[in-house]
Amino acid sequence: AAIRDIVEGELKERFGRDIELSENVVSTVCEKCQGNPLHALQIVAWAVENEELLLDEETRALSFIHGSDNIKFPDSVKGAILSRLDRIEPELLEVLKVASCIGYKFHIELFSLSLNQSEEKAREVLESLIKAGFMMLALEDNTYQFRQLVTLTCVNDLLMDSQRFFIHDRIADVYEK
């Protein structure tokens, strides 16, 4: 029941609390995530971003566009995250790479200075990443964090050594100032 609640909650957060959830959508996601709540969240995000779900605006019913049997779902959390990262705007991926080098949780000032952007611009970018489900506001003031640690790991794995060195060098410069 807990996985089912997570799937239903995530779908309602993305499409609205008033949607009519298809049993096929909920049970398919629950089956594909194999009891892993992180995988459930990533499958929902993947299905939304790949436009596999259709919301009938009149009835507010949510269903798969082509039926669940015709969809090749990612078979792991990492696979779902990497598939989603492949589809985001290149600028947002570069920002995620900087964030992954800073760490799981970071203050807006360090982040904006590491990007060489104003805090206002950095907040706009982070808001896009929050909407995409990669980041979230932390409990501390002006602090952001990855929604899941596994996302940070996946992003960090995408970095070439030379990129990682360059970004870490920029972050070190910020600390030195």
Side-chain angles (χ1 to χ4, degrees), residues 2-15 24-55 62-106 111 114-115 117 122 124-138 143-171:
I3 292 293
R4 185 174 195 80
D5 293 342
I6 289 168
V7 170
E8 289 176 0
E10 187 69 8
L11 289 167
K12 288 183 176 192
E13 184 176 314
R14 288 177 176 269
F15 290 98
N24 181 38
V25 170
V26 175
S27 62
T28 299
V29 173
C30 288
E31 176 187 323
K32 298 297 181 185
C33 76
Q34 303 167 0
N36 184 330
L38 291 177
H39 199 185
L41 294 172
Q42 292 300 326
I43 285 178
V44 169
W46 177 88
V48 170
E49 291 166 10
N50 283 282
E51 299 177 350
E52 297 289 354
L53 295 167
L54 175 67
L55 179 64
L62 186 66
S63 61
F64 288 114
I65 292 176
H66 304 292
S68 59
D69 295 339
N70 300 320
I71 300 172
K72 173 74 172 99
F73 290 95
D75 57 3
S76 69
V77 175
K78 187 172 183 176
I81 292 170
L82 290 173
S83 176
R84 294 180 60 220
L85 290 171
D86 281 344
R87 297 178 57 89
I88 68 170
E89 297 172 31
E91 303 81 33
L92 290 179
L93 182 57
E94 292 307 310
V95 167
L96 276 172
K97 288 177 180 179
V98 171
S100 77
C101 287
I102 296 172
Y104 177 68
K105 188 185 293 188
F106 50 86
F111 182 68
S114 298
L115 291 173
Q117 294 181 346
E124 289 173 16
V125 171
L126 285 166
E127 191 57 41
S128 296
L129 292 169
I130 289 170
K131 286 180 183 170
F134 292 112
M135 304 293 297
M136 61 188 276
L137 279 168
T143 304
Y144 295 82
Q145 69 184 49
F146 280 85
R147 188 164 178 202
Q148 292 112 13
L149 184 58
V150 68
T151 303
L152 177 146
T153 304
C154 288
V155 172
N156 209 279
D157 288 348
L158 295 175
L159 285 166
M160 294 183 289
D161 288 341
S162 59
Q163 287 178 304
R164 186 176 292 105
F165 178 79
F166 178 77
I167 294 169
H168 280 149
D169 198 43
R170 278 195 348 224
I171 295 166

Decide side-chain contact (heavy atoms from CB on, under 4.5 Å) for Leu93 and Asp86; before the verdict, give the C-alpha distance in whole Å, the side-chain angles of both, and the deciding distance to 0.1 Å.
CA-CA 9 Å; Leu93 182 57; Asp86 281 344; over 6 Å; no
Walk me through whether Val95 and Leu115 qualify under side-chain contact (heavy atoms from CB on, under 4.5 Å).
CA-CA 8 Å; Val95 167; Leu115 291 173; 4.3 Å; yes
Could you walk me through whether Arg87 and Glu51 pass the salt bridge (charged side-chain N to carboxylate O under 4.0 Å, His left out) test, one step at a time?
CA-CA 12 Å; Arg87 297 178 57 89; Glu51 299 177 350; 6.0 Å; no
If you apply the rule side-chain contact (heavy atoms from CB on, under 4.5 Å), what do you find for Ile71 with His66, and how did you get there?
CA-CA 8 Å; Ile71 300 172; His66 304 292; 5.5 Å; no
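In this structure, Asp161 places its CG atom where only 12 or fewer heavy-atom neighbours from other residues, nucleotides or ligands lie under 6.0 Å away.
In this structure, Leu158 and Leu82 have side chains that are in contact, with non-hydrogen atoms separated by less than 4.5 Å. Residues Leu53 and Ser63 form no side-chain contact, since every pair of their non-hydrogen atoms from C-beta on lies 4.5 Å or further apart. The shortest distance between side-chain heavy atoms of Leu129 and Tyr144 does not fall below 4.5 Å. Using a 4.5 Å heavy-atom threshold, the side chains of Val155 and Phe134 count as separate. Using a 4.5 Å cut-off on side-chain heavy atoms (C-beta onward), Leu96 and Leu85 make contact. For the pair Met135 and Phe106, the minimum side-chain heavy-atom distance is below 4.5 Å. Using a 4.5 Å cut-off on side-chain heavy atoms (C-beta onward), Gln42 and Thr151 make contact. Taking the side chain as every heavy atom from C-beta outward, Leu11 and Val25 approach each other to under 4.5 Å.
Among pairs with a residue in residues 27-49, those fulfilling ring-ring contact (aromatic ring centres under 6.0 Å, His included) read Trp46-Phe73, at least two apart in sequence or across chains. Evaluation of the salt bridge (charged side-chain N to carboxylate O under 4.0 Å, His left out) test over residues 26-39, restricted to residues two or more places apart or in two chains, returns none. Screening residues 63-84 for salt bridge (charged side-chain N to carboxylate O under 4.0 Å, His left out) gives Glu49-Arg84, Lys78-Asp157 as the qualifying pairs, with residues at least two apart or on separate chains.
Using a distance-only test at 3.5 Å, with no hydrogens or angles considered, a donor-acceptor pair links the side chain of Gln163 to the main chain of Met160. Between the side chain of Arg170 and the backbone N or O of Ser114 there is at least one donor-acceptor pair closer than 3.5 Å. Listed for the Ser83 side chain is no donor-acceptor partner under 3.5 Å among the backbone atoms of Ala80. No donor-acceptor distance shorter than 3.5 angstrom exists from the side chain of Asn156 to the backbone of Leu152, with no hydrogens or angles considered.
Applying the salt bridge (Lys or Arg N to Asp or Glu O under 4.0 Å) criterion to Glu52, with sequence neighbours excluded, gives no partner residue. Remark: Glu13 engages no residue in a salt bridge (Lys or Arg N to Asp or Glu O under 4.0 Å) (not counting sequence neighbours). Scanning for salt bridge (Lys or Arg N to Asp or Glu O under 4.0 Å) contacts around Lys105 gives Glu140, with sequence neighbours left out.
From Cys30, atom SG reaches atom CD1 of Ile3 across 7.0 Å, with rounding to the nearest 0.5 Å. With rounding to the nearest 0.5 Å, the separation of CG in Leu38 from CZ in Arg147 is 9.5 Å. Atom CD1 of Ile81 is separated from atom CD of Gln148 by 6.0 Å, given to the nearest 0.5 angstrom. Atom CD in Glu10 sits 13.0 Å away from atom CG in Asp5 (nearest 0.5 Å).
Considering every non-hydrogen atom in both Pro74 and Ile43, the closest pair reads O-CD1, 4.4 Å. Smallest separation of non-hydrogen atoms from Cys101 and Arg164: SG-CG, 4.3 Å. Counting all heavy atoms, side chain and backbone alike, Gly133 lies closest to Arg14 at CA-NH2, 4.4 Å. Nearest heavy atoms, Val29 versus Ala40: CG1-O, 4.1 Å. Of all the heavy atoms in Phe146 and Ser100, the pair that sits closest is CZ-N, 3.6 Å.
Using a 4.0 Å cut-off between a side-chain N of Lys or Arg and a carboxylate O of Asp or Glu, Lys12 and Glu8 do not qualify as a salt bridge.
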